[in-house]
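See structure below.
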There are 2 protein chains.
Amino acid sequence: MATIRDVAKTAGVSIATVSRVFNGNTAVNEDTALQVWAAASALDYWPNGAARSLTTNRTSTLGVLLPDLYGDFFSEVIRGIDQLAKREKYQTLVSGSHASVEDVLAATRAMRGRIDGLVMMAPDSITVESVARIRRRLPVVLISPPFAVDGCSSVSIASFSGARAAVAHLVGLGHREIAMVAGPAGNVDAEERLRGYRRGLLEAGIQPRDEFVVQGDFRESSGYAAAAALLDRRPRPTAVFAANDCMAIGLMSALGNAGLSVPHDVAVVGFDNITMAQYMRPPLTTVHVDAYALGQKAVRLMLDTLADPEGGKVTVQTIDVILKVRSSCGARPAVATNTPAGPETNQQR
Amino acid sequence: MATIRDVAKTAGVSIATVSRVFNGNTAVNEDTALQVWAAASALDYWPNGAARSLTTNRTSTLGVLLPDLYGDFFSEVIRGIDQLAKREKYQTLVSGSHASVEDVLAATRAMRGRIDGLVMMAPDSITVESVARIRRRLPVVLISPPFAVDGCSSVSIASFSGARAAVAHLVGLGHREIAMVAGPAGNVDAEERLRGYRRGLLEAGIQPRDEFVVQGDFRESSGYAAAAALLDRRPRPTAVFAANDCMAIGLMSALGNAGLSVPHDVAVVGFDNITMAQYMRPPLTTVHVDAYALGQKAVRLMLDTLADPEGGKVTVQTIDVILKVRSSCGARPAVATNTPAGPETNQQR
DNA sequence: GTGCGCCATGTAAACGGTTTCATAAATTCA
DNA sequence: TGAATTTATGAAACCGTTTACATGGCGCAC
């Protein structure tokens, strides 16, 4: 493995000159530079990243911490992060499945000295204190955080307004008995969506009932299970809003098995607009979340923080969501035409 | 930011002792160690990764290069990689969207000194020479490579046998006019699946016809477009094998729009078994590829390579695939019962 | 009681770069 | 032509670790 010294010797210059050629900020004689390039190329030399970050105190790497790497949603977030980071000449050190606070702290410790900043979607159980502690050593940007942290920019999903819009839409279609499959307790977005659901009802002059809210965990199986509970309720709900698409899909599956037709017997609305949503029969009406933009915005905020060291400028952003009306809510005929190719998806492989 | 020197001073020992405490391989007096831990914790100290890798020449980081980060398939590969890497105390430096050889070389350059090994799914246009050049400085494990490279272990998908099985299954259902929507030229898996398709036909005593093969690009829109071409053929195919699920989905969509029923008028079989496949109506018969296992195996091979430095033991593995029969092929009634919750999926959020 | 070995610890030299500062050569200007 | 300035380069310090080697104290056998 050739080092800067080897290149210097081959090119007949000092290591300082080689360094200057590779960094390009200080003037170097053109001929000299050419010789250095030639030597470097002959030896297949490229500066060692670790050594470089040791002196410069910069790594050109962003840490990314996610609770999971599973499924459409996170996959898109990562893609957004990776793409912008790459464009800005940053690498991404990714780590998934951090269930506990201890996990998160261990992961950030392991990253110490390897990253310039941390983009984090923390587990629900995270505490302000832990994040503040990480923030003391590193710029941190939070995705969908349960609380504000001094010095941390963050980007959230407009869960509240999305849920409210979903409910308002159902109300507009004539529904009064609207149930909800909620997400896991402690999860910010789950709670915001629940809050939005209640607000939506109130705004329509409908009193929310506790027995119309069934607790789920964002997974399909919990949506499936929720159906049984909801079908027992009297009066029986004529519409169900699920806190995410996976649960909505499980719910629809269970409703179908119970011999009920969606949306005729029960209307269903989800949240997230994962790729699958449009392929359901009937296609799922849902609240669209641009996960790719979410990832991109997080990186953008990180770059801002990095550019303005200790500037203390903290930005709190929200990703807007929009109701994507398909057939599962009954607004359009249940027998939908097949989606034409292209417009809604272009997944590869 | 506290350094090892600060800790040494606070604990009243030398930096060597602190280092020993943190590495735990050399004996240190228990009381001394306790003092060091106390000092470290008080100062919130943890060894700087860059400095450490500079001396040890190890980074505990694996580089991951993928052509894209989009969709179910890659998302699962990454998850498999991340999970095993994490368990083995490695971090993962991920980079997606590398379309050209130049891109790949630039990415590996940028990773120099930051990773111990590289797990790579190279773009189709990659050359043996480029990979060999990377291999000269780093352990490399290839995913689905178009060729063997000296010193590189690799893991491939059993595309050939999967395709053959898919065709055999269609033949078994009585089909003789079986068409194919092929993947992009130059892609190994696409070509292997085409080869398997042809072999499957020959084994059934059917002469493959070139006009029954329509070129696609793995994207849904190309599957959609392929339908028109195939419906013009005389005799008209009674079954179509698509080189991946996305194209199969596009194809089904187009067939539906053309007023044809799947599987009654045309049977369809895909490849990959992406999450969506089971939700199609009719649910898509496809060749299941365990992308998660693919990622895991790649890391396992990398760990082997790393453990046996210059041992030269090169392993070439294949991920077995298995035909997942659902309804789109006509083997089961097209009016499928809805999937019960859980068994086939458990996606979160 | 002397010598030997072992254990715990400290000293200092790497590791591969960047960057400050000094210096020599080349250029400008009066 | 000589001083002043600019330009190109080199020498050396430094970044935060690990680790080979040195050292000193202590227990043990003879």
Side-chain angles (χ1 to χ4, degrees), chain A residues 1-37 39-40 43-61 89 91 109-116 137-138, chain B residues 1-40 43-61 91 109-116 137-138:
Chain A
M1 193 95 147
T3 74
I4 196 173
R5 271 162 252 275
D6 301 325
V7 178
K9 191 175 296 176
T10 306
V13 298
S14 75
I15 60 166
T17 300
V18 178
S19 174
R20 284 192 268 259
V21 169
F22 270 85
N23 290 293
N25 32 26
T26 325
V28 171
N29 181 288
E30 202 170 322
D31 292 345
T32 315
L34 246 48
Q35 284 185 314
V36 170
W37 282 122
L43 297 170
D44 194 13
Y45 167 81
W46 195 262
N48 178 298
R52 187 186 279 213
S53 31
L54 190 55
T55 44
T56 58
N57 214 21
R58 287 197 63 240
T59 63
S60 302
T61 305
K89 309 288 182 211
Q91 318 220 43
R109 259 203 304 274
M111 288 180 170
R112 195 162 294 182
R114 298 189 189 287
I115 58 176
D116 292 336
R137 347 187 97 270
L138 265 186
Chain B
M1 194 94 146
T3 74
I4 197 171
R5 268 165 256 275
D6 301 323
V7 178
K9 192 174 295 176
T10 307
V13 298
S14 75
I15 59 167
T17 300
V18 177
S19 174
R20 283 191 268 259
V21 168
F22 270 85
N23 289 293
N25 32 26
T26 323
V28 171
N29 181 287
E30 203 171 321
D31 292 345
T32 316
L34 245 49
Q35 285 185 315
V36 170
W37 282 121
L43 297 170
D44 194 15
Y45 167 81
W46 195 261
N48 178 298
R52 190 188 281 223
S53 32
L54 189 55
T55 44
T56 59
N57 212 21
R58 289 197 61 240
T59 62
S60 302
T61 304
Q91 317 219 46
R109 259 202 305 272
M111 288 180 170
R112 193 163 295 183
R114 299 189 189 286
I115 60 176
D116 292 337
R137 348 186 96 270
L138 266 183

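Each chain gets a letter, A, B and so on, in the order its sequence line appears, and its residues count up from 1.
Atom-to-atom, CD1 of A/I4 to C1' of D/dA11 comes out at 14 Å; the value is rounded to the nearest Å. Taking atom CG of residue B/N25 and atom C1' of nucleotide D/dA20, one finds them 13 Å apart after rounding to whole Å. One atom, CZ of A/R114, and another, C1' of D/dT17, lie 12 Å apart when rounded to the nearest Å. Rounded to whole Å, atom P of D/dG16 lies 7 Å from atom CG of A/N57. For A/D6 and C/dG17, the CG to C1' distance is 13 Å, given to the nearest whole Å. One atom, CZ of A/R112, and another, P of D/dC15, lie 19 Å apart when rounded to the nearest Å. Separating the CG atom of A/L54 from the C1' atom of C/dT19 is a distance of 13 Å, rounded to the nearest angstrom. For A/N48 and C/dT18, the CG to P distance is 10 Å, given to the nearest whole Å.
When atom types are taken as modelled, the side chain of A/Q91 and the backbone of B/A110 share a donor-acceptor pair closer than 3.5 angstrom. In this structure, A/N23 contributes its side chain and A/N25 its backbone to no donor-acceptor pair below 3.5 Å. Listed for the A/T10 side chain is a donor-acceptor partner under 3.5 Å among the backbone atoms of A/D6. In terms of modelled atom types and a separation under 3.5 Å, the side chain of A/R137 and the main chain of B/D44 share a donor-acceptor contact.
Taking the six-membered ring for Trp, A/F22 and A/W37 have ring centres closer than 6.0 Å.
Under a cut-off of 6.0 angstrom, the local environment of CG in B/N57 is sparse, with at most 12 non-hydrogen atoms contributed by other residues, nucleotides or ligands.
For B/R52 and D/dG16, a side-chain-to-base donor-acceptor distance below 3.5 Å is absent, hydrogens and geometry of angles not being considered.
Annotation: side chain of A/V18 is in contact with side chain of A/V13 (closest heavy-atom distance under 4.5 Å).
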Could you list, one pair per line, each protein nitrogen or oxygen that sits under 3.5 Å from a nitrogen or oxygen of nucleotides 24-28 of chain D, together with the distance?
none

Provide a list of protein-nucleic acid N or O atom pairs under 3.5 angstrom, restricted to nucleotides 9-13 of chain C.
residue	atom	partner	partner atom	Å
C/dT9	OP1	B/T32	OG1	2.5
C/dT9	OP2	B/N29	N	2.7
C/dG10	OP2	B/S14	N	2.8
C/dG10	OP2	B/S14	OG	2.9
C/dG10	OP2	B/T17	OG1	2.6
C/dG10	N7	B/R20	NH2	2.7
C/dG10	O6	B/R20	NH1	3.4

side-chain contact (heavy atoms from CB on, under 4.5 Å) for A/V21 and A/Q35? Distances and angles first, verdict last. CA-CA 10 Å; A/V21 169; A/Q35 284 185 314; over 6 Å; no
So B/S53 and A/R114, side-chain contact (heavy atoms from CB on, under 4.5 Å) or not? Walk me through it. CA-CA 10 Å; B/S53 32; A/R114 298 189 189 287; 3.7 Å; yes
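Among the heavy atoms of the strands lying under 4.0 Å from A/N23 are primed sugar atoms or P, OP1, OP2 only; no base atom is included. Looking at heavy-atom distances under 4.0 Å, B/F22 makes no contact with the nucleic acid at all. At the heavy-atom level, A/S19 lies under 4.0 Å from base atoms of the strands shown.
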